[in-house]
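The analysis underlying the following values was restricted to heavy atoms, covering all of them including side chains, and did not include hydrogens, waters or symmetry mates. What you see is a predicted model, and the numbers here were worked out from it, not measured in a lab.
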Amino acid sequence: MNYFLTYTVYVLILSVLMGISTWKLFKKMGYSPLFAFIPFYNYFIILKETKHPKWWAVLSYLPIVGPIMMSVFHLYLVKKFGKTLFKDQILTVILPFIYMATINYSKDVELEDESANELYLTDEEKEAKKKDTFLGSITFAVVFATIIHVFVTQPFGIPTGSMERTLLVGDFLFVNKWSYGYRLPMRPLAIPFLQGTIMDTGEKGNPKDDPKSYVDGVKLPYTRILQFSKPQKNDVVVFNYPQDSVHTAIDRKDPYVKRCVATAGDTFEMRAGRLFVNGKPEVVLGDQEVQHRYIVITDSQLDIPTLYKAYGFLPVVEQQQNNGGFIYAFQGLTDKIAKDIKGLPHVVDMKEDVSVKGEAAIAYRDEARTKIDTTQSIFPVNKPWNQDWYGPVRIPKKGDVVTINNETLPMFQWIISEYEHNSLEKKNGKIFINGKEANQYTIQQDYYMMVGDNRDASLDARFFGFVPEENIVGKPMFTWMSLQGAFADSSSSYQAPFKIRWDRMFKATNTGEANKTSYWWIAAMILILFFGWEYFVKLFKKKKTEDEL
């Protein structure tokens with residue numbers, strides 16, 4: 001069933017529940033009971049009768065926003081019939097159609113004349129009414145923010161150094177969800193602003209036992225609209241982590257940000273830590289810096305805090321030797337920084353740390369090395385590849401017909417079973433797709449190779465494999481805040497000191513230019529207008545009144 005048909009069924013079910021639980025109330029308001037069953041129009045009537053903006057009715061069934069708005073509209077309706085106590089409000093929100101039905105089918109329910117009661121309100125009741133107005137303002141501020149978050153742009157923080165020195169740890173970005181066409185929400189019932197889980201309530205660091213922020217049982221299929229472009233080579237892209245085993249909903253999987261280094265149909269390869277696409281060295285944009293991991297041996301301890309101040313991002317693992325010297329494993333050194341460190345007086349030896357060719361990078365979950373940890377192993381696990389020597393591998397393209405056998409299956413099994421939702425079985429050495437023996441498979445969507453700019457410190461497509469088109473969220477637009485030291489680096493013996501990086505704020509992220517323009521002044525003007533508009537209006541009115549006098 002396609003997205004819009006599924007969505008229509010979802011709306012009709014809610015409308016039937018609304019009608020069954022409120023038709024008598026609509027009749028008492030002077031309308032045909034049938035109007036209670038008509039999607040959108042039923043809420044239009046409620047808003048009309050309770051003297052609220054009628055256009056709000058269009059928000060009734062929007063994904064994520066809809067459940068909030070419906071709860072508000074239900075509260076308006078039950079208040080119209082005198083149900084104003086706190087317990088009434090709680091029951092209306094938690095058990096809407098059940099509680100409204102009890103009101104609907106009770107014999108003594110009557111409309112309240114709000115205009116007549118207005119004259120006889122006590123001070124306490126007037127205060128309560130003010131609180132309701134304030135809560136209404138807060139609710140619609142949340143709704144407005146939710147609409148922006150769900151349908152336009154989403155904030156995103158950089159907690160790791162995989163994209164250094166293009167995106168820094170502690171950068172906070174806004175992501176344009178329309179860059180590659182808008183991906184419609186797939187879980188319409190969800191708590192706003194939360195990605196996958198609500199909070200860490202179970203085993204620390206294990207999200208599998210944490211409560212989800214969405215209702216997994218109410219689901220809509222993947223659909224993308226107004227897709228005028230697709231990810232291109234060198235785009236910085238935000239996508240949902242494909243092998244997230246906690247969340248089955250694609251749009252609720254953990255968000256990652258990497259550079260798209262190869263698109264569908266390209267051939268990707270790593271040679272001694274250098275990236276090649278279609279047999280040619282990668283094109284390095286102005287905002288990228290080629291960087292590598294180095295091992296440094298010294299005869300005494302280095303002043304790492306001073307190096308941090310001089311070079312910024314500089315994760316390093318420090319280990320003291322028996323002879324009094326030290327070994328340092330530096331992540332992400334550019335050629336210039338590596339040259340500077342090599343020239344320090346206490347450096348005895350320095351070399352780039354490159355994995356051995358033909359040595360497979362396989363991680364295990366147990367000491368007996370019987371259970372492979374696929375999240376930390378190079379993809380696919382049956383190839384003698386590592387992060388420095390990888391491929392060549394062709395990125396799957398929609399329409400490709402690939403050979404399926406015991407050798408190629410590790411490369412394509414996630415595509416067949418997880419990303420393209422087929423049943424996949426191995427029986428007696430044979431492979432079955434959807435119950436039929438198969439030795440070929442036709443790829444149903446485009447895939448991409450997403451790799452971090454800090455190649456030696458990036459958990460990217462070399463580990464989790466190809467990224468399906470359906471997992472693409474959008475492009476980062478600009479950095480709105482940048483805080484050095486905002487996130488602790490568990491892989492480093494030293495931590496960067498905290499500071500606000502003012503020079504990075506309100507700069508575009510996807511231009512590829514080395515010197516990006518900062519638009520902080522535009523942001524400042526918008527904030528002044530937003531928060532100062534009411535003050536300027538009052539000032540203007542005051543001046544006009546004085547002139548008239």
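Using a cut-off of 4.0 Å between Lys/Arg side-chain N and Asp/Glu carboxylate O, Asp251 and Arg183 are scored as not salt-bridged. Here Glu367 does not pair with Arg369 in a salt bridge; the nearest charged N to carboxylate O distance is not below 4.0 Å. Salt bridge annotation for Lys339-Asp335: absent, with no cationic side-chain nitrogen under 4.0 angstrom from a carboxylate oxygen. Using a cutoff of 4.0 Å between basic side-chain nitrogens and carboxylate oxygens, Glu352 and Arg274 are scored as salt-bridged. Checked for salt-bridge contact, Asp446 and Lys397 miss the test: no charged N lies under 4.0 Å from a carboxylate O. The existence of a salt bridge linking Asp235 and Arg259 is excluded, since no basic side-chain nitrogen approaches an acidic carboxylate oxygen closer than 4.0 Å.
Remark: Asp366 CG is packed, more than 12 non-hydrogen atoms of other residues, nucleotides or ligands lying under 6.0 Å away.
Counting only heavy atoms from C-beta outward, the side chains of Val218 and Pro188 approach each other to under 4.5 Å. Between Asn386 and Glu359 there is a side-chain heavy-atom pair separated by less than 4.5 Å. Side-chain atoms of Arg365 and Ile372, non-hydrogen and from C-beta on, never get closer than 4.5 Å to each other.
Closest approach of Phe172 to Leu483, counting heavy atoms only: CE1-CD1, 4.1 Å. Across all non-hydrogen atoms, the minimal contact from Phe498 to Ala486 is CD1-N, 4.5 Å. The two residues Ala329 and Arg293 have their closest heavy-atom pair at CB-NH2, 3.7 Å. Between Glu469 and Gln445, the shortest heavy-atom contact is N-OE1, 3.3 Å. Across all non-hydrogen atoms, the minimal contact from Lys258 to Ser162 is NZ-OG, 2.9 Å. Met163 and Val257 get closest at one heavy-atom pair: CG-O, 3.6 Å.
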Quiz item: Which is it for Phe174 and Phe478 under the ring-ring contact (aromatic ring centres under 6.0 Å, His included) test, yes or no, and what are the steps along the way?
Solution: CA-CA 6 Å; Phe174 275 117; Phe478 63 88; 5.5 Å; yes
Quiz item: Phe268 and Phe276: ring-ring contact (aromatic ring centres under 6.0 Å, His included), yes or no, with the steps?
Solution: CA-CA 6 Å; Phe268 170 82; Phe276 290 78; 9.8 Å; no
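Between Trp414 and Tyr419, the ring-plane angle classifies as tilted under the 30° and 60° cut-offs. Ring orientation note: the planes of Trp178 and Tyr182 are close to parallel, at an angle under 30° on the 30°/60° scale. Taking the six-membered ring where tryptophan is involved, the planes of Phe239 and Tyr256 are tilted, since the angle between them lies from 30° to 60°. Between Phe193 and His149, the ring-plane angle classifies as perpendicular under the 30° and 60° cut-offs.
Distance CZ/Arg501 to CG/Asp171: 5.5 Å, rounded to 0.5 Å. Atoms CZ and CG, from Arg455 and Asp388 in turn, are 11.0 Å apart once rounded to the nearest 0.5 Å. In this structure, Ile378 CD1 and Arg462 CZ are separated by 6.5 Å, a value rounded to the nearest 0.5 Å. Atom CD1 of residue Ile404 and atom CD of residue Gln413 lie 10.0 Å apart, to the nearest 0.5 angstrom.
In this structure, Ser458 contributes its side chain and Asn454 its backbone to no donor-acceptor pair below 3.5 Å. Of the possible polar contacts, none joining the Ser492 side chain to the Pro315 backbone as a donor-acceptor pair under 3.5 Å is found. At distances below 3.5 Å, not a single donor-acceptor pair connects side-chain atoms of Tyr328 with backbone N or O atoms of Tyr294. In this structure, Asn176 contributes its side chain and Gly474 its backbone to no donor-acceptor pair below 3.5 Å.
Checked against a 6.0 Å centroid threshold, the rings of Phe326 and His346 do not count as neighbours. Ring centroids of Phe464 and Phe379 are separated by 6.0 Å or more, keeping the two rings apart.
Checking each of Val236, Leu173, Val175 against Thr509 for a side chain to side chain contact (heavy atoms under 4.5 Å, CB included) leaves exactly one that passes, namely Leu173.
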